Amino acid sequence: MVKLQVNNVVKVIEKKTIIDNFSLTVNSNDFVIITGKSGTGKTTLLNVISGLTRRDSGEIYLDDALIGKHMQNIWRNKIGFIFQDNLLLENQTIKKNILIGAKFNKKLSDEEINNLLISVDLKGVSLKQQVSTLSGGEQQRIALLRTMVKRNEIIFADEPTGNLDKVNAISLVKLLKDWSMEDQHAVVMVTHNPEFIQFATKHINLV
Ligand SMILES: Nc1ncnc2c1ncn2[C@@H]1O[C@H](COP(=O)(O)OP(=O)(O)OP(=O)(O)O)[C@@H](O)[C@H]1O
């Protein structure tokens with residue numbers, strides 16, 4: 001099923017065409033990876049097709065509904081974001097950080113949260129523990145959970161492994177991929193790391 005349809009999108013910044021007639025079909029089970037050298041427009045593209053940034057022309061459809069040039073609430077509830085800087089609430093507990101994501105959805109029991117933590121290899125941490133006591137990789141997994149519990153239909157991720165070492169980076173992308181396959185969430189991820197292409201159902205290299 002087509003989740004997101006991007007047709008001939010153009011983005012011009014300061015008279016420079018950064019995105020030139022870009023088209024993409026994202027199905028509900030797609031794991032799209034966008035690579036490209038620095039400055040090729042990866043972040044700009046992600047921001048435009050996710051509605052964070054206004055496009056100059058072209059069409060974007062989400063679930064067959066044409067999305068206006070400005071992001072709308074109806075669309076916002078369907079999409080989630082993961083960034084390099086995960087912006088957790090440093091002085092709050094693991095539980096509180098995860099539940100921020102569940103706010104618009106349902107209340108999760110401690111047992112459900114513990115099961116989620118196990119699913120991202122964080123067995124043994126306490127729900128009352130401050131997130132600041134976790135390592136960078138562990139914090140990034142909490143950020144991933146926070147996004148997952150929103151159950152958005154499509155996740156846009158911009159260099160989500162940027163702060164992680166190689167082992168943690170690959171493990172995070174695997175988690176994202178497993179989750180997207182199990183629950184049929186689409187993912188569109190921007191990365192400079194060609195190692196992740198192995199996980200892609202669609203790969204786009206910007207030049
Ligand atoms: N707000 C802005 N004002 C001016 N130029 C911009 C702006 N945003 C992006 N650009 C330009 O658009 C081009 C693409 O930038 P973008 O950040 O999308 O590339 P990128 O592929 O994500 O790069 P990197 O891998 O280094 O993060 C660059 O030349 C950048 O200077």
Side-chain angles (χ1 to χ4, degrees), residues 3-27 30-62 67-72 75-76 78-88 135-137 139-144 146-148 152-177 179-180 185-207:
K3 179 58 51 191
L4 186 77
Q5 181 67 49
V6 179
N7 294 337
N8 306 108
V9 161
V10 173
K11 177 68 184 172
V12 179
I13 302 175
E14 290 176 1
K15 295 186 182 159
K16 200 168 130 195
T17 304
I18 309 295
I19 308 299
D20 191 7
N21 264 315
F22 180 86
S23 298
L24 171 70
T25 303
V26 182
N27 294 315
D30 263 336
F31 197 86
V32 180
I33 296 206
I34 299 168
T35 54
K37 289 193 186 124
S38 178
T40 47
K42 301 183 295 299
T43 294
T44 305
L45 177 64
L46 199 79
N47 289 346
V48 168
I49 65 175
S50 64
L52 280 181
T53 304
R54 202 181 61 82
R55 63 189 183 272
D56 289 295
S57 61
E59 292 115 41
I60 302 175
Y61 296 87
L62 184 74
I67 305 304
K69 286 191 177 170
H70 298 284
M71 201 185 200
Q72 295 166 356
W75 196 20
R76 205 173 282 168
K78 290 192 176 194
I79 66 178
F81 294 94
I82 307 174
F83 297 105
Q84 178 168 342
D85 296 314
N86 54 55
L87 298 177
L88 293 175
S135 74
Q139 288 191 27
Q140 198 66 335
R141 275 178 270 163
I142 298 291
L144 187 62
R146 180 185 58 183
T147 303
M148 285 174 178
N152 302 116
E153 293 163 31
I154 179 162
I155 300 288
F156 294 94
D158 191 353
E159 296 282 9
T161 64
N163 292 324
L164 305 180
D165 61 34
K166 207 175 154 170
V167 174
N168 274 304
I170 207 102
S171 122
L172 189 103
V173 176
K174 270 191 191 142
L175 285 169
L176 194 54
K177 167 83 182 194
W179 170 74
S180 103
H185 296 281
V187 174
V188 181
M189 182 173 108
V190 155
T191 179
H192 64 272
N193 190 342
E195 248 191 292
F196 302 147
I197 297 167
Q198 60 179 303
F199 298 109
T201 56
K202 285 189 179 130
H203 170 226
I204 295 141
N205 188 45
L206 299 183
V207 287

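Numbering starts at 1 and runs along the sequence shown. Just so you know, these numbers come straight off a predicted model, no measurement behind them. In listed order, ligands and their atoms are each counted from 1.
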Output all residues satisfying side chain to side chain donor-acceptor pair (under 3.5 Å) with Asn7, sequence neighbours left out; order by chain, then residue number.
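In terms of side chain to side chain donor-acceptor pair (under 3.5 Å), with neighbours along the sequence ignored, Asn7 is linked to Gln5.
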Can you name the residues that form a side chain to side chain donor-acceptor pair (under 3.5 Å) with Ser135, not counting sequence neighbours?
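For Ser135, the residues satisfying side chain to side chain donor-acceptor pair (under 3.5 Å) (neighbours in sequence not counted) are Glu138.
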Can you pull the salt bridge (charged side-chain N to carboxylate O under 4.0 Å, His left out) pairs that have at least one residue in residues 186-207, sequence neighbours excluded?
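Checked against salt bridge (charged side-chain N to carboxylate O under 4.0 Å, His left out) - neighbours excluded - the pairs reaching residues 186-207 are Asp30-Lys202.
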Looking at Thr147 and Gly80, would you say the former's side chain and the latter's main chain have a donor-acceptor pair under 3.5 Å?
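No.
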If the plane angle is over 60° it's perpendicular, under 30° parallel, otherwise tilted; pick one for Trp179 and His185.
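Taking His185 first and then Trp179, their aromatic rings lie parallel (interplane angle under 30°).
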Going by atom types alone, do His192 and Thr35 pair a side-chain donor with an acceptor below 3.5 Å?
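No, because no side-chain N or O of His192 sits under 3.5 Å from a partner of the opposite role on Thr35.
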Give the residues near ligand 1 by chain and number, with the criterion being a heavy-atom distance under 4.0 Å.
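Residue list for ligand 1: Ile13, Glu14, Lys16, Ile18, Lys37, Ser38, Gly39, Thr40, Gly41, Lys42, Thr43, Thr44.
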